[in-house]
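Working notes for the structure below.
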Number of protein chains: 2
Amino acid sequence: MIERPKSPQSAAAAEQQLKEPVVFIIDDDLSVRRALTNLFESVGLHVAAFGSAPEMLQQRLPDVASCLVLDIRLPGLSGLDLQTELAKVNIHIPIIFITGHGDIPMTVRAMKGGAVDFLTKPFRDQDLLDAVVKAIEQDRRRREVAKAVAGLKSLFETLTPREREVLALVAAGLMNKQIAAELGLAEITVKIHRGHIMRKMGARSLADLIRMAESLGIGRGKPMPTT
Amino acid sequence: MIERPKSPQSAAAAEQQLKEPVVFIIDDDLSVRRALTNLFESVGLHVAAFGSAPEMLQQRLPDVASCLVLDIRLPGLSGLDLQTELAKVNIHIPIIFITGHGDIPMTVRAMKGGAVDFLTKPFRDQDLLDAVVKAIEQDRRRREVAKAVAGLKSLFETLTPREREVLALVAAGLMNKQIAAELGLAEITVKIHRGHIMRKMGARSLADLIRMAESLGIGRGKPMPTT
DNA sequence: GAGGAGCCCATACGAAGGTTTGTAGTCGCG
DNA sequence: CGCGACTACAAACCTTCGTATGGGCTCCTC
């Protein structure tokens, strides 16, 4: 459950394994990569630059707030394609597109796909920096929420099947005797399950438990769009 | 609390006061308005068309699912400006932009501002219809949620100041005796307030009440981005 | 085949939640 | 000034919750 890779395979991802945000760059033009790298490093941001999408996809993405500065026009897998791919694999890194020759449909598709910003060359360095800072902050918040939910999920998984059933009915607001009837149990049994649930979930009050269940999409909530 | 206007002041808004969705159109070109109106009416959608933004702003917007098809280039108040204005006044109608001469920055601004879609002329009728249908569905869902929250709010407003304090602490998961201590009351008094709260809010269980409090941003929730 | 996990239940008891009935003080308003 | 609201509390009573102790069953694994 707790896994912590100790042998980083990529130099790029390795050095900022800790907590510093990282800006990923994908651009097939080396001089652009260099310029962007310099720009970001000049404000103290860590950078990992790649010449193509596949190069980046091979990497183990570090578990820190990050964003991706992406040229929309790339040989092979285009920027938009990469955006689609990442979404498919459930990687939600915020993307900032840059392009020299973009058009409106491309822009619309990118923004609909959740892009943070879309800049046309030439752009002001400051605009890109602003977008990057904003994107990283957004990713940081997203990761916070995701981590919290993941924590809840792992707690939930320590529950036995029966306990999960009981939890669902508790979250629905039924009384112990109603839950017992529903599941064909004695009330005392429900109480015991309930006690286990509270302890395992680390809930300090019913209000707590209800909110946890809500976050997990149990009882009355609709399933979350995942991490 | 229940208000239902019976004297519609605008013909346009009047005829679909009931439940049919409405497509608003703003375009300074009469022929475009006509064409779009025909297009939408041909698929059974109600339409209200205007030649400029102020014309529409004067209207009483009907309380039904709707969307706005907006030319980005308008004399006076531009489409983007209107989008900004509407956001300021807390009107969240989904907007579909259409334009003949758009550029990417405009597109980005529009999409960042929450636009549903951004079409460039010439576009396929079907694309516009798809966008409109999607936008209306989105608005319908938003209105549902907003209505539910508004209902909760009006219930909450029937609570006395003291009852609200108690509710907050209940939602935080405190026991009656703790709430009593916190507020300098006897436990029995808290129980009585609690009973009133349950009845006034129409909560059928504590789980119910907790979720209501959550929706209202009470206890542990963060304030919602409003309606 | 001993141990553990998961499930079920009884008895017993104390703690917490909730209602009813009745009392009482303060305020503001018509 | 009387009435209604909001507030607060007590006594009495019942329900619901929660836990502890102890017992029993099945299934699976080491």
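Quick note: numbers below take in every heavy atom, side chains included, and nothing from hydrogens, waters or symmetry partners.
- If you take CG of A:L159 and C1' of C:dC7, they are 15 Å apart, rounded to a whole angstrom.
- Side-chain N or O atoms of A:R162 include none that pairs as donor or acceptor with a backbone N or O of A:H193 at under 3.5 Å.
- Under the 3.5 Å distance criterion, the side-chain polar atoms of B:R33 are left unmatched by any main-chain donor or acceptor of B:I25.
- Within the 4.5 Å cutoff, the side chain of B:L167 has heavy atoms near those of the B:L209 side chain.
- Phosphate proximity of C:dG17 to B:N176: present, with a side-chain N or O under 4.0 Å from OP1 or OP2.
- Taking 4.0 angstrom as the limit, A:H193 places a side-chain polar atom (N or O) nearer than this to OP1 or OP2 of C:dC8.
- Residue B:P161 has its side chain nearest to D:dT7 when only C:dA10, D:dT7, C:dG17 are considered.
- Proximity of A:T160 to the phosphate of C:dC7: a side-chain N or O atom is located under 4.0 Å from OP1 or OP2.
- Where B:I188 and B:L185 meet DNA chain D, the nucleotide closest to each residue was compared, and B:L185 sits on the side nearer the 5' end.
- Nucleotide C:dG18 holds its P atom 7 Å from the CE atom of B:M198, rounded to whole Å.
- One interatomic measurement links the two molecules: CD of B:E163 to P of D:dT7, which rounds to 6 Å at whole-angstrom precision.
- What separates CZ of B:R194 from P of D:dC6 is a distance of 20 Å, to the nearest Å.
- OP1 or OP2 of D:dT16 sits under 4.0 Å from a side-chain N or O of A:K177.
- Among the nucleotides C:dA10, C:dT19, C:dC7, the one closest to any side-chain atom of B:K191 is C:dT19.
- Separating the CD atom of B:E187 from the C1' atom of C:dT19 is a distance of 14 Å, rounded to the nearest angstrom.
- Put simply, CG on A:L206 is 12 Å from C1' on D:dT16, counting in whole angstrom units.
- Looking at heavy-atom distances under 4.0 Å, B:I192 makes contact with a base.
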List the steps and the verdict of salt bridge (charged side-chain N to carboxylate O under 4.0 Å, His left out) for B:D139 and B:R143. CA-CA 6 Å; B:D139 195 43; B:R143 282 169 184 279; 2.9 Å; yes
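- When the C1' atom of C:dC7 is taken as reference, atom CD1 of A:I179 falls 17 Å away, rounded to whole Å.
- Residue A:T189 is classed as a base contact, given a heavy-atom separation below 4.0 Å to a base.
- A close approach under 4.0 Å does occur between a side-chain nitrogen or oxygen of B:R199 and OP1 or OP2 of C:dT19.
- Per the geometry, NE2 belonging to A:H196 stands 9 Å off P belonging to D:dA20, to the nearest Å.
- Looking at A:T158, its side chain never comes within 3.5 Å of a backbone N or O of A:S154 through a donor-acceptor pair.
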